[in-house]
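If you read the sequence from its start, that first residue is 1, and numbering goes on from there.
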Amino acid sequence: MAATLLQGLLARAFEYRMYFLGVSGFVIAGLAVTYGVQTEDTVAALGALLFLPNAAVLFGIGLREHGLIDNPSPQSSDIK
């Protein structure tokens, strides 16, 4: 019973893996910026901002995988 429950939880977590990666990227960037500001280390604070575009892309991939962002269909082109 416990093995089945664990397998179900792992299957669900694997389904949302891009969300986890995107959110963890945002969290890492936030913590690194906070650390850089608290220690007055400008290079660390600005360098941590490089995590944000990657996290946004991963989050967008997760949204597209679950159909929350529409894929443009190639049949509906406006070119005549």
Side-chain angles (χ1 to χ4, degrees):
M1 169 105 170
T4 305
L5 179 64
L6 183 61
Q7 286 176 345
L9 289 173
L10 287 175
R12 180 155 287 222
F14 188 71
E15 182 180 342
Y16 294 105
R17 67 189 178 276
M18 290 298 173
Y19 291 126
F20 290 136
L21 293 172
V23 169
S24 66
F26 284 122
V27 169
I28 289 170
L31 291 173
V33 167
T34 303
Y35 171 78
V37 168
Q38 286 181 348
T39 60
E40 298 179 9
D41 187 2
T42 308
V43 174
L46 292 176
L49 295 177
L50 295 174
F51 280 100
L52 294 178
N54 297 328
V57 167
L58 288 171
F59 201 75
I61 290 170
L63 290 174
R64 184 164 291 195
E65 281 182 355
H66 290 283
L68 298 174
I69 296 177
D70 291 335
N71 292 333
S73 63
Q75 297 171 355
S76 63
S77 63
D78 294 333
I79 301 173
K80 292 183 181 182

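Note that CZ of Phe26 and CG of Asn54 are 10.0 Å apart. Values are rounded to the nearest 0.5 Å. For the atom pair Asp41 CG and Leu46 CG, the distance stands at 9.5 Å (nearest 0.5 Å). Atoms CG and CZ, from Leu58 and Phe51 in turn, are 11.5 Å apart once rounded to the nearest 0.5 Å.
A pairwise comparison of heavy atoms in Ala48 and Ala29 identifies O-CB, 3.6 Å as the closest pair. For the pair Ala45 and Val33, the tightest heavy-atom approach, listed with the atom from each and the gap, is O-CG2, 3.5 Å.
Residues Met18 and Val57 share a single hydrophobic cluster, defined by chaining ILVMFWY side chains whose heavy atoms lie under 4.5 Å apart. Hydrophobic clustering, with ILVMFWY side chains joined whenever heavy atoms are under 4.5 angstrom apart, keeps Ile28 apart from Leu49. Clustering ILVMFWY residues whenever any of their side-chain heavy atoms sit less than 4.5 angstrom apart, transitively, puts Tyr35 in a cluster other than the one holding Leu52.
Contact annotation: the side chain of Tyr19 approaches that of Leu63 to within less than 4.5 Å [non-hydrogen atoms, C-beta and beyond].
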